[in-house]
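What you see is a predicted model; the values in this text were computed from it and never measured. Order of the sequence lines sets the chain letters (A, B, ...), proteins ahead of strands, with each chain counted from 1. Scope of the values below: all heavy atoms of this structure, side chains included, with no hydrogens, waters or symmetry mates.
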Number of protein chains: 2
Amino acid sequence: MRITRPRRVLLDALLDTATPRSAEELREGIGEGEDLVTVYRNLDAFERAGLVLRAHAENGKALFHLSPHHRHYHLVICRVCHEAKVIEDCDGDRFERLAREQGYSDVTHTLELHGVCARCGQTDA
Amino acid sequence: MRITRPRRVLLDALLDTATPRSAEELREGIGEGEDLVTVYRNLDAFERAGLVLRAHAENGKALFHLSPHHRHYHLVICRVCHEAKVIEDCDGDRFERLAREQGYSDVTHTLELHGVCARCGQTDA
DNA sequence: ATTATTGCAAACCCTTTGCAACTTA
DNA sequence: TAAGTTGCAAAGGGTTTGCAATAAT
């Protein structure tokens, strides 16, 4: 995988934010000059390389963030603004075991918590 | 909420399948004559009424299924065919509590397990 | 009769693809 | 120089919206 400027700045954007971001948000973080298509393609490449994980907000948009050490992660996603935060602390692979017992292979899990974040709770609810 | 034929057959389709389905799949289960737009609108209506829950496959498509008694549920979604199954058995609301501690309100959780189902594992991997 | 709901067409948005120009190694 | 990458334009696929016709209350 070649190291190019678009990839460097995308990686910077991913490192800059602690929370999962949409492709659009990442491009904005980079500077408006960047091509969204390239962002998508490089996010794909990063995902294939195991560098980046992808999740989905309730509105269907994809959210990207750097892969943690493990293969699973947990998100809290706000119903209103669709901002996502990573939650640490997982009780293990009980569910993955369950899925394997049902015949699934190569199992990972994503726990997504949905709620209204503090900021949106004030203005909206 | 009025009881109409499109709603009755949609509800039948939802009752017919134990596993979450896309809008398209639900329409197929109903019979080709049905309008996909109406299916979407009624799934929205059902969701607002608390009758239906929506999840997302890794490909971004929305999956719909009748709401279980509780407000949370767990899915195993196949990476290859994107079929989803509901997994019973939840260890409680530990994560929801965590999210609340971080300032989120109205919190629910969705645990999505991703893997390759038995059927796809044979042909694909 | 009134109001929600339908169905069709067209718009929308996010994401992907094609291809020639361009960099990186 | 050869291969991967970019950027633009355009297509794609799922979902939503507008509006007149229709069916439920």
Engineer: Please pick, from C:dT17, D:dT16, D:dG7, the nucleotide with the shortest atom-to-atom distance to any side-chain atom of A:Glu34.
Structural biologist: D:dG7
Engineer: Could you walk me through whether B:Asp44 and B:Arg54 pass the side chain to side chain contact (heavy atoms under 4.5 Å, CB included) test, one step at a time?
Structural biologist: CA-CA 9 Å; B:Asp44 279 358; B:Arg54 178 192 307 242; 2.7 Å; yes
Engineer: May I have the distance from B:His56 (atom NE2) to D:dG14 (atom C1'), rounded to whole angstrom?
Structural biologist: 10 Å
Engineer: Roughly, in whole Å, what's the span from CG in B:Asn59 to P in C:dC14?
Structural biologist: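 Interatomic distance, CG of B:Asn59 to P of C:dC14: 17 Å.
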Engineer: CD1 of B:Ile30 versus P of C:dG7: gap in Å, rounded?
Structural biologist: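 For the pair B:Ile30 CD1 and C:dG7 P, the rounded distance is 10 Å.
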Engineer: Determine, for A:Lys61 against A:Glu25, whether the closest basic-nitrogen to carboxylate-oxygen distance falls under 4.0 angstrom.
Structural biologist: no
Engineer: Can you tell me how far P of D:dG13 sits from CD of B:Glu25, to the nearest Å?
Structural biologist: 16 Å
Engineer: Starting at CZ of B:Arg7 and ending at C1' of D:dT25, how long is that distance when rounded to a whole Å?
Structural biologist: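 Whole-Å distance recorded here is 13 Å.
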Engineer: C:dT5 P sits how many Å from B:Leu10 CG, rounded?
Structural biologist: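 That distance rounds to 13 Å.
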Engineer: For A:Ile3, I'd like to know if atom CD1 has over 12 heavy atoms of other residues, nucleotides or ligands within 6.0 Å.
Structural biologist: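 No, not enclosed.
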Engineer: Is any side-chain heavy atom of A:Leu63 less than 4.5 Å from a side-chain heavy atom of A:Leu53?
Structural biologist: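 Not touching, per the 4.5 Å side-chain cut-off.
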Engineer: Would you say that A:Leu43 contacts A:Leu14 through its side chain, given a criterion of any heavy-atom pair below 4.5 Å between the two side chains?
Structural biologist: yes
Engineer: Using a heavy-atom cut-off of 4.0 Å across all strands, would you classify A:Arg41 as base, sugar-phosphate, or nothing?
Structural biologist: base
Engineer: If I take atom CZ in residue A:Arg8 and atom C1' in nucleotide C:dT23, what distance separates them, rounded to the nearest angstrom?
Structural biologist: 12 Å
Engineer: Of B:Lys61 and B:Met1, whose closest DNA chain D nucleotide lies nearer the 5' terminus?
Structural biologist: B:Lys61
Engineer: Taking the side chain of A:Asp35 as its heavy atoms from C-beta onward, which of D:dG14, D:dC8, D:dT6 lies nearest to it?
Structural biologist: D:dC8
Engineer: So which one's nearest nucleotide on DNA chain D is more toward 5', A:Pro6 or B:Val37?
Structural biologist: A:Pro6
Engineer: Are any of A:Arg5's side-chain N or O atoms less than 4.0 Å away from OP1 or OP2 of D:dG7?
Structural biologist: yes
Engineer: At 4.0 Å (heavy atoms only), tell me whether B:Ala45 reaches a base, stays on the sugar-phosphate, or touches nothing.
Structural biologist: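 Here B:Ala45 touches no strand at all.
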Engineer: In this structure, how many angstroms lie between the P atom of C:dT17 and the CG atom of A:Leu36, rounded?
Structural biologist: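 Checked: the CG to P distance equals 15 Å.
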Engineer: Given D:dT5, C:dT17, D:dA24, which nucleotide is nearest the side-chain atoms of A:Thr4?
Structural biologist: D:dT5
Engineer: Mapping B:Arg2 and B:Thr38 onto DNA chain C by nearest heavy atom, which one lands closer to the 5' end?
Structural biologist: B:Arg2
